> 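Below is the structure I would like to discuss, written out as structure tokens.
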Amino acid sequence: MKIKCLLVDDEPLAMEILESYIEQVPNLELVGKCDNALQAYEILRKQEIDLIFLDIEMPQLSGIEFINTLEIVPSVIFTTAHRRYAFEGYELDVLDFLLKPVSFGRFLKAINKLIRANSETASTAAPTNAIESEEKMTFIYVKEDKKMVKIYLDKILFIESLKDYVCIHTNTRKIITKQQISYLEQKLPEDDFMRIHRSFIISTKKIKAFNSNQIELENQHELPIGRSYKSKVIERLTGDGYEL
């Protein structure tokens with residue numbers, strides 16, 4: 001049975017990111033979303049909700065104040081850009097506390113908490129790791145020209161750092177978005193992507209050839225292997241640390 005989710009956030013971009021994460025997890029179902037606590041109250045009154053992703057700082061009624069008004073409280077994951085709320089959130093016995101911007105890996109960790117908690121109270125134990133990792137992840141959303149653009153992971157050749165921006169090179173186009181390459185490194189599944197240089201992340205599925213200094217990808221792209229990354233890259237590609 002799917003976990004019925006409600007998104008409550010007055011930041012459109014933050015809501016879009018969480019919505020995209022929910023879409024990628026088969027166990028979750030988004031049944032409602034709103035930008036303030038009063039609308040959330042009406043949704044809770046009309047339908048069953050298992051999990052609320054709740055922003056803390058909102059107009060009229062904060063997320064913390066909203067939780068305190070409820071007689072029956074579903075599982076709650078607080079989302080906020082401010083770490084100072086963490087202690088107060090945990091005093092309310094919420095499931096988890098996510099700092100924005102929320103990475104996909106951190107999102108999955110919070111969901112696995114709920115799955116483990118449910119399995120402990122269920123008469124028949126459910127798998128405690130129904131969402132094991134980013135292996136189920138097939139696409140990401142990034143912001144381009146004031147809109148969220150879906151990019152399928154199997155289309156990505158490599159990602160290039162451009163200071164405060166990154167350029168995502170796919171089979172057919174380039175997408176430039178304001179983001180740190182380290183953020184995408186944490187978000188992408190480790191089995192399919194690898195950091196080879198301070199400026200480059202590559203898709204391991206797109207490798208055609210390599211030596212100790214560079215990697216050749218599809219579409220005739222040749223990228224350097226950074227000195228500090230070399231030993232890990234070669235060990236991963238050869239499986240035994242073989243020196244080229």
Side-chain angles (χ1 to χ4, degrees), residues 3-25 27-115 117 131 137 140-150 164-166 177-187:
I3 299 168
K4 298 182 183 299
C5 303
L6 171 64
L7 285 180
V8 188
D9 201 313
D10 64 339
E11 297 179 40
L13 180 57
M15 184 177 287
E16 287 173 0
I17 290 172
L18 287 175
E19 186 174 358
S20 75
Y21 290 169
I22 291 171
E23 287 179 358
Q24 297 177 64
V25 180
N27 304 63
L28 304 182
E29 178 185 1
L30 181 62
V31 296
K33 56 182 180 177
C34 54
D35 60 8
N36 65 74
L38 296 180
Q39 292 177 359
Y41 180 78
E42 288 300 311
I43 293 174
L44 287 171
R45 191 170 60 86
K46 294 176 181 178
Q47 59 182 307
E48 182 179 343
I49 299 294
D50 301 312
L51 174 62
I52 306 176
F53 292 92
L54 182 61
D55 187 19
I56 292 180
E57 289 192 324
M58 293 187 296
Q60 296 180 299
L61 200 65
S62 74
I64 292 172
E65 291 170 334
F66 172 62
I67 290 300
N68 284 324
T69 67
L70 299 179
E71 294 183 6
I72 300 176
V73 184
S75 296
V76 175
I77 295 176
F78 274 142
T79 62
T80 181
H82 304 286
R83 189 182 297 274
R84 66 178 182 269
Y85 291 116
F87 179 75
E88 191 171 357
Y90 283 123
E91 278 193 322
L92 293 171
D93 197 28
V94 300
L95 179 70
D96 210 338
F97 182 94
L98 301 181
L99 284 173
K100 300 176 183 177
V102 181
S103 71
F104 187 69
R106 185 65 182 85
F107 174 86
L108 287 184
K109 185 176 180 180
I111 299 304
N112 271 320
K113 274 189 183 181
L114 177 60
I115 292 173
I131 308 167
M137 183 179 177
I140 58 174
Y141 280 101
V142 298
K143 190 174 184 180
E144 181 189 39
D145 296 331
K146 298 182 179 180
K147 61 184 178 182
M148 300 299 291
V149 178
K150 179 186 284 188
D164 293 332
Y165 292 79
V166 294
T177 183
K178 189 172 184 180
Q179 192 57 265
Q180 296 292 322
I181 194 169
S182 57
Y183 171 78
L184 289 179
E185 182 182 14
Q186 294 177 355
K187 184 175 180 179

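Quick caveat: nothing in here was measured; it's all calculated off a predicted structure.
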> Compare all side-chain heavy atoms of Asp50 with those of Lys4 and state whether any distance is below 4.5 angstrom.
yes
> Between Asn27 and Ile111, is there a side-chain heavy-atom distance shorter than 4.5 Å?
no
> Before you tell me yes or no, could you show the steps for Phe78 and Ile67 under side-chain contact (heavy atoms from CB on, under 4.5 Å), namely the whole-Å CA-CA distance, both residues' side-chain angles and the distance that decides it to 0.1 Å?
CA-CA 10 Å; Phe78 274 142; Ile67 290 300; 4.1 Å; yes
> Within the distance-only criterion (no hydrogens, no angle test), does the side chain of Asp10 pair as donor or acceptor with the backbone N or O of Asp35 below 3.5 angstrom?
no
> Is any side-chain heavy atom of Leu44 closer than 4.5 Å to one of Phe66?
yes
> Examine distances only and state if a side-chain atom of Gln47 and a backbone atom of Ile43 form a donor-acceptor pair shorter than 3.5 Å.
no
> How long is the straight-line distance from CE of Met15 back to NZ of Lys33, given to the nearest 0.5 Å?
7.0 Å
> Are Val8 and Asp55 packed together at the side-chain level, in the sense that at least one heavy-atom pair is separated by less than 4.5 angstrom?
no
> Is there a side-chain contact between Leu38 and Tyr41 in this structure, where contact means two heavy atoms from C-beta onward sitting under 4.5 Å apart?
no
> Among all residues two or more places apart in sequence or in another chain, which pass the salt bridge (charged side-chain N to carboxylate O under 4.0 Å, His left out) test with Glu23?
none
> Measure the spacing between CD1 of Ile17 and CG of Leu7 and express it to the nearest 0.5 Å.
11.5 Å
> To check you understand the geometry: which heavy-atom pair defines the closest contact between Leu54 and Gly63, and what is its length?
CD2-O, 3.4 Å
> Roughly how far, to the nearest 0.5 Å, is the CD1 atom of Ile49 from the CD atom of Glu29?
9.0 Å
> Please report the closest heavy-atom contact between Tyr141 and Ser20, naming both atoms and the distance.
CD1-CB, 2.7 Å
> When you measure from the side chain of Tyr21 to the backbone N and O of Glu16, does any donor-acceptor pair fall under 3.5 Å?
no
> Return the orientation label for the Phe107 and Phe53 ring planes: parallel under 30°, perpendicular over 60°, tilted otherwise.
parallel
> Taking all heavy atoms of Thr79 and all of Lys100, pick out the closest pair and write down the distance.
OG1-CE, 3.9 Å
> For Ile72 and Pro74, which heavy atoms make the closest approach, and how far apart are they?
O-CD, 3.6 Å
> In Å, rounded to the nearest 0.5 Å, how long is the span from CG of Leu114 to CG of Leu28?
8.5 Å
> Drop me the distance from Leu6's CG to Ile52's CD1, to the nearest 0.5 angstrom.
5.5 Å
> Can you see which heavy atom on Val76 is nearest to which on Val94, and at what distance?
O-CB, 3.5 Å
> State, with a plain yes or no, whether a side-chain heavy atom of Asp164 is found less than 4.5 Å away from one of Gln180.
yes
> Determine whether Ile64 and Ile56 make a side-chain contact, defined as any pair of heavy atoms from C-beta on separated by less than 4.5 Å.
yes
> Looking only at heavy atoms, what is the nearest atom pair of Phe104 and Lys187, with distance?
CB-CG, 3.8 Å
> Measure from the side-chain N and O atoms of Ser75 to the backbone N and O of Leu51, and report whether any donor-acceptor pair falls under 3.5 Å.
no
> Under the criterion salt bridge (charged side-chain N to carboxylate O under 4.0 Å, His left out), I'd like the reasoning laid out for Lys109 against Asp96: C-alpha separation, chi angles, the key distance, then a yes or no.
CA-CA 9 Å; Lys109 185 176 180 180; Asp96 210 338; over 6 Å; no
